[in-house]
Visitor: 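Have a look at the structure that comes next, please.
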Amino acid sequence: MTTATVPLLEFDSLRVTLPLGGTQRTVIHRVDLALAAGSAVGLVGESGSGKSLTARSVLGLLPEGARIEGDVRFDGASVPAMRQAELRTLRSRHAAMVFQDPRTHINPLRTVGDFLTEALVSVRREPRAQAEAKVVALLREVHVADAERRMRQRPSELSGGLLQRVMIASALAVEPRLLLADEPTTALDVTTQAEVMAIIDEARENRGLTLLFITHDLALAAAVCDRIAVMYAGHLVEELPARRLVGDAAHRYTRALLASRPDPTVPDARLRAVDGRPLSAFEAGPGCPFAPRCAAAQELCHRERPEPRAVADGRAACHFPHAVDPQAVDLDAVDPHAADTERTAR
Amino acid sequence: MTDIPVLEVEGLTKRFGEHTAVDGVSLRLASGESLAVVGESGSGKTTTARMITGLESISSGTVTMGGRPLPGPRARTAERLAFARRIQMVFQDPYTSLDRHQRIGDGIAEVLARHAPLHGAELTRRRDELLDQVGLDRRQADSRPRHLSGGQRQRAAIARALAVEPELLVLDEAVAALDVSVQAQIVNLLAEIRGQRPISYLFITHDLGIVPHLCERVVVMREGRIVEAGPTAEVLTDPRDPYTRDLIDSVPRPGWKPRRRT
Amino acid sequence: MIWRFLARRTVALLATLLVASVVIYGGLFLAPGDPATLLVGGGKPPNPQLLAEIHRQYHLDDPFYAQYWRWLTGMLHGDAGQSLSYHDQVSHLITARIGTTALLIGYATVLIVLFGVSAGVVAGLRGGRTATAVTAATTTLMAVPTFVSAVLLIWLFAVRLNWLPAYGNGTGLADQLTHLTLPAIALAVSWLAYVAQVTRSAVDGEQRAEHVQTARSRGIPERLVVRKHILRNASGPILSVAGVAVAGLIAGCSVVEQTFGLNGVGALLIQSAAKQDLAVVQALALLTVVAFAVVNTLVDLATAALDHRVPVGGAA
Amino acid sequence: MTSYQLASVVGRRARAARLRRLLRGKLVLVAAGAVVALVVLAAVFAPLIAPYDPNAVDPMAVSQGSSAAHWLGTDDTGRDIASRLLHGARPSLLAPLVVTVGAGLVGTALAVAAAWLGGWWDRAITAVLDVVFGFPGLVLAVVGAAVFGAGLKIAVLTLTIAYLPYVARVVRGSALKERNLPYVAALRMLGLGGGRIVLRHVVPNLLPLVLVQTATAFGYTLLDVAAFSFIGLGAQPPTAEWGLMVAQGAPGILAGAPQESLYAGLAIVVFVVACSLLGAGLSQRLTGGER
């Protein structure tokens with residue numbers, strides 16, 4: 001990553017408010033993130049973190065009434081400033097999205113073939129036969145057996161895993177440069193998840209795609225992405241290379257998230273819970289959004305919102321980042337009070 | 001008493017028309033033991049749990065609890081209450097497993113009053129004790145479910161089940177609908193409860209990640225059949241069945257890469 | 001699969017009609033006293049000789065099932081018996097009037113489809129103020145009963161403005177249509193409002209469906225999103241509510257015909273009910289139930305054909 | 001889970017619109033409630049507030065327009081229209097009230113029984129209701145009038161039967177959904193009896209729906225009853241009843257004295273609009289925003 005080249009996708013102090021409950025509520029407080037062309041970034045967070053909306057802002061798919069501050073730039077062009085025609089070009093040629101639940105995101109009344117060729121035929125004016133040949137080839141590429149037959153079937157006749165591959169094929173059909181994947185495997189079984197992720201990974205490699213992968217699963221993101229960005233309550237709290245995640249995560253929240261999903265095959269890995277529930281962006285107080293749940297929180301944390309700062313080769317928005325110890329992975333440091341887990345339960 | 005298993009399931013089978021959802025499942029659960037039933041969608045794990053709890057009719061096979069068979073649909077009140085004290089269940093969806101019009105505390109009091117000769121202050125004391133055990137306070141006890149978070153509702157469901165002091169608690173994907181950081185809280189709570197009282201768990205899950213934290217033994221189900229069974233540590237580190245291996249290999253963890261099976 | 005579905009629906013339809021016919025015919029025997037007095041018609045003092053004649057003519061001394069069977073088979077052959085108050089064959093009475101009623105219902109149906117559906121679609125697509133305005137207007141119109149709108153229309157268009165005739169059938173198609181305009185509007189108005197409301201919410205629901213969002217995220221032009229996703233998917237509920245409306249028109253046309261002095265079967269039903277002319281009432285009630293049930297069944301079939309998600313077979 | 005965020009994204013325009021509607025809705029709800037309450041009070045206290053005897057004929061004041069003596073004028077026999085409207089509110093409201101409450105109670109009971117007992121019971125109840133559904137309400141009432149003679153009582157009875165399937169269908173659908181919710185299974189497992197679960201848990205949860213249904217249906221039932229009186233088969237002269245008043249005033253329209261029909265018609269429309277707004281408002285409050 002050199003600073004001279006323009007990143008393919010860049011969030012610049014993105015802040016989004018939505019009209020909810022009579023007032024304009026903040027759903028994204030601050031996101032700064034750059035994706036170099038060809039890179040893969042995992043955007044990880046729990047419910048209410050704003051990760052999904054962040055992804056949607058790239059395609060200008062935010063709800064009506066959303067107010068955007070800061071900027072989202074695709075290949076240097078500001079998305080919020082785009083006119084309808086430009087936005088359509090962006091959506092139909094440059095960036096495509098894979099949604100969480102293919103069952104509701106594909107028109108149930110039309111055939112799989114209609115769904116796959118729609119954008120090619122209606123937007124890119126390709127002849128139907130050519131478009132069909134293209135998507136059949138794509139279906140084969142994402143390992144859908146019996147592609148011709150599938151084209152004539154309706155979504156209700158396909159399993160969830162198969163349907164998600166159809167969704168991926170339809171995203172690839174427009175030959176985008178950027179793929180946005182919003183929890184593409186959350187609704188699927190683990191073995192199917194592994195296959196679908198392998199397919200996304202493969203497609204990315206073969207086509208040199210840039211990937212923004214939205215998930216709640218840190219380990220899954222780390223497995224297919226170069227860099228990890230963690231969101232909490234509308235804030236991007238940490239960003240770091242995926243391979244350094246386990247050892248070098250600096251933000252307390254990132255470490256807490258890791259500790260609540262230990263590796264099942266490692267004997268005696270301890271399960272550590274964080275008190276409380278994940279906050280939604282609009283519930284965040286004046287200080288660090290994670291402070292109410294953070295075992296290491298000080299008075300400053302409750303008072304003042306931390307700015308993102310460089311930590312090793314990443315950034316973290318934390319007043320007291322976990323000191324990186326290159327020698328040992330000390331997960332216990334997340335939780336200095338041994339009795340905390342128990343207090344959670346009480 | 002200790003020799004009689006809490007739960008014994010023999011050749012349990014469920015057919016829906018031509019489709020066999022559960023095919024000859026046998027399980028044995030000793031007093032105080034905790035067993036995980038792991039499988040993906042369509043494995044028959046939930047149907048198995050529903051047959052054991054009497055929520056689904058059994059096509060063939062037997063279920064005995066403490067040496068007694070399941071009560072039939074026309075069982076007398078006393079028999080039904082006795083069955084309730086043997087087995088309870090916590091459901092996956094915390095949004096629909098509580099009556100949305102009933103305050104959390106009232107729901108627990110209703111169950112307590114049904115099972116124990118408790119009245120007035122004593123009933124309230126026992127109710128608050130249960131709520132305290134699962135980490136809920138008075139304010140939450142006076143709330144209706146919609147004012148609670150998913151984790152809190154699941155705590156309430158656990159407290160309600162514990163109110164009858166069951167020998168066996170069936171946890172049907174009980175943490176699957178929760179956020180990752182909240183899942184860990186509930187798993188820890190369940191582990192803690194088992195440390196305090198003699199209770200067995202039958203933990204139905206698709207998620208291998210939590211199994212070692214709660215269960216000593218695990219069975220793996222696929223397409224209605226048990227493909228592997230054994231102590232958790234053994235099965236997870238040294239699986240015999242290729243499907244079990246596949247399942248374990250599919251769990252993302254540090255250093256993991258997604259691979260296609262084909 | 002589709003044939004089995006058709007067969008099942010047809011059997012259900014026939015069963016409903018059979019039970020309905022028993023109820024309609026059996027109603028005669030629910031009344032206290034001698035059914036023959038009813039058949040004579042209200043008001044007249046029963047004359048023993050006439051009663052005996054009626055007993056013989058209507059086979060009232062036969063067992064119920066035999067009488068019923070005679071009545072039903074007669075109906076199926078187009079013989080609905082004799083009206084005592086009109087001194088005519090019931091079938092004559094009906095055939096002379098059914099054209100007017102059919103024309104009236106057809107006219108009202110066209111109005112509903114033309115204005116109700118389009119108002120709903122526009123409101124659903126535009127949302128905001130348009131939707132609020134349409135909802136307000138339709139809520140009010142739904143509360144205006146047919147007979148009140150009839151009276152208001154007569155007062156405004158026939159009396160005050162003198163644009164359209166208020167009473168009578170007219171002769172020739174053009175004149176008939178002119179005469180039927182106010183009645184058709186009166187008949188259609190509340191159903192039109194209902195159809196508009198349901199259409200609006202169906203379109204609005206599809207508008208917000210996730211698959212529509214997918215289509216938008218793929219850069220599909222809005223015009224195609226509307227046509228191929230929103231309207232295509234909303235057409236099922238729209239069709240079925242239109243069917244409900246047509247069935248409702250069949251039930252409601254009697255009030256309109258009565259108010260506008262139209263010589264249709266609806267008015268005949270009311271008048272013969274007032275005269276307790278049971279032969280006519282039975283025939284017309286059965287006719288209405290048949291029409292009602294046939295429309296309902298046809299709409300169900302059409303909805304199933306439009307939306308393959310509606311389970312047509314045993315297993316979905 | 002992300003479905004939350006999704007919902008908020010997808011619900012975009014609707015949510016903003018719903019919000020605006022809710023704010024305005026509160027005003028509308030209060031206004032609608034006030035109208036309904038006023039009309040009900042007027043019906044209850046009609047003898048106290050009506051300026052004239054509703055049946056007092058006055059040959060000296062036939063078909064008059066509004067005046068200080070007769071606010072809304074008089075009909076073709078010189079009866080005071082305002083007094084007749086006030087008195088007419090009683091049968092006009094009471095008859096549909098009996099119909100809705102009757103159909104609501106019996107329909108709900110049948111629906112809950114069908115959904116809870118399932119199997120053979122469900123099939124039998126549903127089949128019976130399907131046959132009744134095949135009869136348009138007015139036609140059933142007309143047959144009733146033909147057999148038993150015209151009158152409000154028979155209209156109320158037949159319309160109650162005709163409305164049963166409409167209530168029962170909706171309630172049965174919801175009761176089935178309710179019965180299959182995990183909380184019902186949980187309560188069963190906790191050892192609670194079927195009767196207690198139905199009466200203390202399932203029915204209270206269905207109550208908002210039934211209430212909304214009946215509140216909305218009440219207005220439309222009123223239309224049907226009035227229509228029935230209008231065609232001469234319901235309330236009989238000289239009873240003051242709104243539908244009948246529209247009919248009796250109809251000849252006056254051509255004669256240039258439309259006041260009786262117009263005011264009676266207006267009374268019906270205003271009251272029914274208020275009812276349906278109240279029903280819609282209640283439905284948003286009682287069933288919206290749950291879960």
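Letters go in sequence order (proteins before strands), and every chain restarts at 1. Quantities reported herein were computed from a predicted structural model and do not represent experimental measurements.
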Visitor: When rounded to the nearest 0.5 angstrom, what distance separates CZ in D:R200 from CG in B:D99?
Guide: 10.5 Å
Visitor: Between B:Q88, B:R85, B:R114, which shows the greatest number of heavy-atom pairs under 4.5 Å with chain D?
Guide: B:Q88
Visitor: Testing the basics here: between D:M189 and B:I87, what is the closest heavy-atom pair and its distance to 0.1 Å?
Guide: CE-O, 3.8 Å
Visitor: Mind listing the closest non-hydrogen atom pair of B:R100 and D:L181 along with its distance?
Guide: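 Between these two residues, the closest heavy atoms are NH1-CD1, 4.0 Å.
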Visitor: Side chain, backbone, both or neither: which part of B:L98 has a heavy atom under 4.5 Å from chain D?
Guide: backbone
Visitor: Looking at every non-hydrogen atom in both residues, tell me the closest pair between B:S97 and D:A186 and how far apart they are.
Guide: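 Answer, listing the atom of B:S97 first, then D:A186: O-CB, 4.3 Å.
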Visitor: Using non-hydrogen atoms only, which part of B:T77 is less than 4.5 Å away from chain D: side chain, backbone, both, or neither?
Guide: neither
Visitor: Looking at B:M89, B:Q102, B:E110, B:E79, which one has more heavy-atom pairs under 4.5 Å with chain D than the rest?
Guide: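 Highest number of pairs under 4.5 Å: B:E110.
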Visitor: Select, from B:V90, B:T53, B:V164, the one with the greatest count of heavy-atom pairs under 4.5 Å involving chain D.
Guide: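 The residue among B:V90, B:T53, B:V164 with the greatest pair count is B:T53.
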Visitor: Got a sec: does the CZ of B:R197 have more than 12 other heavy atoms crowding it under 6.0 Å?
Guide: yes
Visitor: So which atom in B:R80 and which in D:G191 form the shortest heavy-atom distance, rounded to 0.1 Å?
Guide: NH2-O, 3.5 Å
Visitor: Quick one: are D:L190 and B:R160 in side-chain contact, heavy atoms under 4.5 Å?
Guide: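 Of all side-chain heavy-atom pairs linking B:R160 with D:L190, at least one is under 4.5 Å.
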Visitor: Is it the case that atom CZ in D:R196 sees more than 12 heavy atoms from other parts of the structure closer than 6.0 Å?
Guide: yes
Visitor: Of the backbone (N, CA, C, O) and the side chain (C-beta and beyond), which part of B:D93 lies under 4.5 Å from a heavy atom of chain D, both, or neither?
Guide: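 For B:D93, there is no contact with chain D at all, as no heavy atom is under 4.5 Å.
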Visitor: To check you understand the geometry: which heavy-atom pair defines the closest contact between D:A185 and B:F91, and what is its length?
Guide: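 Nearest pair, atom of D:A185 first, then B:F91: CB-CZ, 3.7 Å.
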